[in-house]
Amino acid sequence: MATKGITVKELYDDLRQEILAGNGNKTILISSDDEGNSYHTLWYTIQSDIDEIRKIKEATWFHDDDNPEEVVLLG
């Protein structure tokens, strides 16, 4: 059974906990693949404009072929 990715709210809750734990000024690394084989710096914040997300999807590739109206982009 496929699982859905994390939501904006779940990310917010986790980030809030990290800020409270004193990690608010640390740089974020994200996985380069779905297995966590490598990590790279998170370069971009959230993109939530549906038109921009559609353009990005047309020019690149969404790993899970998600609907642009149901996602925001991070990274």
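Counting from 1, the numbers follow the sequence of the chain as shown. Heavy atoms only: backbone and side chains are in, while hydrogens, waters and symmetry mates are out.
Using a 4.0 Å cut-off between charged side-chain N and carboxylate O, Arg54 and Asp51 make a salt bridge. Comment: Lys55 does not engage Glu58 in a salt bridge, judged by the lack of any side-chain N to carboxylate O separation of less than 4.0 angstrom.
The main-chain N or O of Asp66 is found under 3.5 Å from a side-chain atom of Lys57 such that the two form a donor-acceptor pair. Between the side chain of Thr41 and the backbone N or O of Trp43 there is no donor-acceptor pair closer than 3.5 Å. A donor-acceptor pair is defined here as one N or O able to donate and one able to accept, closer than 3.5 Å; such a pair exists between the side chain of Asp49 and the backbone of Glu52.
With rounding to the nearest 0.5 Å, the separation of CD1 in Ile19 from OH in Tyr12 is 8.0 Å.
Hydrophobic clustering (side-chain heavy atoms under 4.5 Å, transitive across Ile, Leu, Val, Met, Phe, Trp, Tyr) groups Ile30 together with Ile6. Note: the hydrophobic cluster containing Val71 also contains Ile56 (ILVMFWY, side chain heavy atoms under 4.5 Å, direct or indirect links). Put simply, Leu11 and Ile28 are part of the same group of oily side chains (I, L, V, M, F, W, Y) that touch within less than 4.5 Å, one to the next. One hydrophobic cluster, built from ILVMFWY side chains closer than 4.5 Å, holds both Leu15 and Leu74. Residues Leu42 and Ile46 share a single hydrophobic cluster, defined by chaining ILVMFWY side chains whose heavy atoms lie under 4.5 Å apart.
Residues Ile53 and Gln47 come closest through the heavy atom pair CD1-O, 3.5 Å. Looking at every heavy atom in both residues, His40 comes nearest to Ser31 through NE2-O, 4.1 Å.
In this structure, Asp13 and Lys9 have side chains that are in contact, with non-hydrogen atoms separated by less than 4.5 Å.
Looking only at atom types and distance, the side chain of Asn37 has a donor-acceptor partner in the side chain of Glu35 under 3.5 Å away.
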